[in-house]
Amino acid sequence: MKHNAWATTALAVSATLLIAACGSSHSSASSSGASSSASSTTSASTTGKFLGCMVTDTGGIDDRSFNASSWQGMQQAAAADSNIKVTYLQSTSQSDYIPNINTFLSQKCGIIVTVGFLMGSATETAAKAHPNQDFAIVDCSYASECLTGTKESNIDQLVFNTVQDGFLGGYLAAGMTKTGKVATFGGEDFGTVTIYMDGFWDGVQYYNSKHGTHVQVLGWNEQTQKGSFTGDFTNQTKGQTLTQTFISEGADIIFPVAGNVGLGAAKAVQDADNAAGSQKVNMFWVDTDGCISAQQYCKYFITSVTKGIQSAVKTAVLSAANSTFKGGTYVGTLANGGAVLSPFHDFASEVPASLQAELVQIGKGIADGSIPTPTKSPV
């Protein structure tokens with residue numbers, strides 16, 4: 001896939017990912033996993049249009065995270081090519097993965113895009129059984145051992161080296177904390193989550209080494225790979241409770257890597273600031289620009305640590321529609337715009353100019369390899 005070359009200005013923290021609001025043009029799918037666009041599927045197949053099909057993970061189409069971003073990428077492909085029609089099926093549990101994929105196989109989809117690490121096995125099995133069917137999967141690769149068998153040439157692996165922008169996020173958090181404590185937690189303990197947390201932890205340590213500070217990270221340790229997880233990507237109450245614990249322990253910047261669970265974290269931050277009568281606790285969003293996908297909490301988001309999912313999915317769908325599809329791996333990085341910090345929005349005047357300049361220089365070092373960003377969660 002072709003992606004724009006990274007320019008120096010992309011490292012500036014004001015670089016923008018074009019990420020649309022999480023609401024889709026479809027209503028949420030029913031609990032049976034059937035898409036609200038089911039009736040349009042037959043129309044697509046009978047009018048000669050190329051049908052792009054997507055299976056969500058259990059977070060749902062409006063998760064304000066990777067499912068919503070993937071669907072936006074599908075819609076962008078359809079907007080770019082009038083011959084493309086897109087549809088989705090929503091998974092309400094992991095048991096929906098295989099039936100949803102099989103439904104799309106029966107509908108002769110031109111490409112089937114599956115979303116999330118947990119869908120690796122179901123996707124790989126289907127790809128092996130149907131070698132002439134194009135597949136793409138978000139946040140899953142052979143390198144990360146999400147796909148484990150013989151490499152199937154009909155799977156396009158769309159992954160993101162978010163240890164890089166996670167590192168920038170950790171450095172920023174360490175430079176912005178007033179209490180000397182920051183926190184991160186995950187939804188579930190697997191590589192596409194912990195890679196963010198590895199970067200965040202190491203970014204804080206790098207700031208400490210450069211500034212002689214001792215900022216602590218609650219909720220994760222990159223060296224031991226131990227930390228805090230809520231156990232899913234949907235239970236906002238768990239996110240709120242865990243964030244309240246971190247706040248009570250002194251953390252004033254929270255970084256949830258947990259999809260919709262992060263809304264619970266945002267509520268805890270809001271409640272803490274309301275109780276204090278001032279904005280003493282803030283946070284980062286993940287995957288998408290939170291000021292777009294969770295606008296109601298924008299005032300608390302210093303930045304968002306993002307993935308260029310929309311562009312990757314759009315490119316995969318267009319390549320399948322144009323008969324140029326090739327299986328393999330696309331890795332989004334800081335250099336190609338696939339893993340960057342979102343703009344500061346309300347914090348544009350709050351982040352010191354000196355810290356912003358440091359972030360630009362560190363970004364250059366990450367891009368050219370002079371500043372290592374270790375992770376035990378390879379993409």
Side-chain angles (χ1 to χ4, degrees), residues 116-118 120 139-141 143-146 148 159-177 179-233 235 238-259 261-262 264-265 268 281 283-287 305 307 331 333-334 339 341 362 365-366 369 371-379:
F117 193 93
L118 292 173
D139 274 350
C140 179
S141 68
S144 65
E145 299 183 350
C146 169
T148 59
V159 291
F160 306 87
N161 198 13
T162 52
V163 68
Q164 296 183 338
D165 52 343
F167 189 101
L168 288 177
Y171 194 95
L172 172 62
M176 292 294 289
T177 180
T179 64
K181 292 183 180 181
V182 299
T184 184
F185 68 89
E188 294 194 52
D189 186 359
F190 47 67
T192 51
V193 172
T194 57
I195 187 172
Y196 275 116
M197 298 163 75
D198 280 351
F200 186 81
W201 192 90
D202 282 316
V204 171
Q205 312 316 310
Y206 192 72
Y207 183 92
N208 285 337
S209 71
K210 292 297 181 182
H211 290 268
T213 50
H214 302 281
V215 177
Q216 299 178 47
V217 180
L218 308 181
W220 186 246
N221 185 308
E222 186 268 332
Q223 295 177 328
T224 65
Q225 295 288 287
K226 301 294 184 182
S228 301
F229 299 88
T230 59
D232 59 50
F233 295 94
N235 192 321
K238 290 180 180 178
Q240 184 173 356
T241 300
L242 183 54
T243 299
Q244 287 169 340
T245 298
F246 287 139
I247 292 171
S248 70
E249 293 173 350
D252 63 348
I253 298 175
I254 314 295
F255 177 40
V257 188
V261 171
V281 183
M283 62 182 290
F284 295 169
W285 194 248
V286 73
D287 285 343
V305 187
K307 299 176 182 177
V331 180
T333 66
L334 192 62
L341 296 184
I362 292 166
I366 292 172
I371 297 178
T373 52
T375 179
K376 295 179 175 63
S377 303
V379 297

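Hydrogens, waters and symmetry mates are skipped; everything else that's a heavy atom, side chains included, is used.
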Smallest separation among heavy atoms of [X] and [Y], with atom names:
X: Ala265; Y: Pro256; answer: CB-CG, 4.0 Å
X: Gly186; Y: Ala258; answer: C-CB, 4.1 Å
X: Ser248; Y: Thr245; answer: OG-O, 2.6 Å
X: Gly262; Y: Met283; answer: O-CE, 4.0 Å
X: Gly191; Y: Ser377; answer: O-CB, 3.4 Å
X: Trp285; Y: Gly259; answer: CH2-O, 3.7 Å

According to the interplanar angle, ranging from 0 to 90°, do the rings of Tyr171 and Tyr207 count as parallel (below 30°), tilted (30 to 60°) or perpendicular (above 60°)?
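Judged by the thresholds at 30° and 60°, the geometry between Tyr171 and Tyr207 is perpendicular.
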Please determine whether a side-chain nitrogen of the Lys or Arg among Lys307 and Asp139 lies less than 4.0 Å from a carboxylate oxygen of the Asp or Glu.
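Yes, charged N to carboxylate O under 4.0 Å.
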For the pair Glu249 and Lys181, find out whether any cationic side-chain nitrogen is under 4.0 Å from an anionic carboxylate oxygen.
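Salt bridge: no.
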Side chains of [X] and [Y]: is there a donor and an acceptor less than 3.5 Å apart?
X: Tyr196; Y: Asp165; value: no
X: Asp198; Y: Gln225; value: yes
X: Ser141; Y: Ser144; value: yes
X: Thr333; Y: Asn161; value: no

Could you tell me if the side chain of [Y] sits less than 4.5 Å from the side chain of [X], heavy atoms only?
X: Val305; Y: Phe200; result: no
X: Leu118; Y: Glu188; result: yes
X: Ile254; Y: Phe246; result: yes
X: Asp232; Y: Lys238; result: yes
X: Val281; Y: Ile253; result: no
X: Val217; Y: Gln205; result: yes
X: Thr230; Y: Leu242; result: yes

Going from [atom1] on [X] to [atom2] on [Y], what distance comes out if it is rounded to the nearest 0.5 angstrom?
X: Ile362; Y: Gln164; atom1: CD1; atom2: CD; answer: 13.0 Å
X: Met197; Y: Asn221; atom1: CE; atom2: CG; answer: 10.5 Å
X: Ile195; Y: Thr162; atom1: CD1; atom2: OG1; answer: 4.5 Å
X: Gln240; Y: Asn235; atom1: CD; atom2: CG; answer: 10.5 Å
X: Phe117; Y: Cys146; atom1: CZ; atom2: SG; answer: 4.5 Å
X: Leu168; Y: Leu341; atom1: CG; atom2: CG; answer: 5.0 Å

Is there a donor-acceptor pair under 3.5 Å between the side chain of [X] and the backbone N or O of [Y]?
X: Thr179; Y: Ala251; answer: no
X: Thr177; Y: Gly180; answer: yes
X: Asp202; Y: Thr373; answer: no
X: Glu222; Y: Trp201; answer: no

Does atom NZ of Lys210 have more than 12 heavy-atom neighbours, drawn from other residues, nucleotides or ligands, at distances under 6.0 Å?
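No, not enclosed.
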Is the distance between the ring centroids of Phe229 and Phe185 under 6.0 Å?
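Here the rings of Phe185 and Phe229 have centres that are no less than 6.0 Å from each other.
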List the steps, then state whether ring-ring contact (aromatic ring centres under 6.0 Å, His included) holds for Phe167 with Tyr206.
CA-CA 9 Å; Phe167 189 101; Tyr206 192 72; 5.4 Å; yes
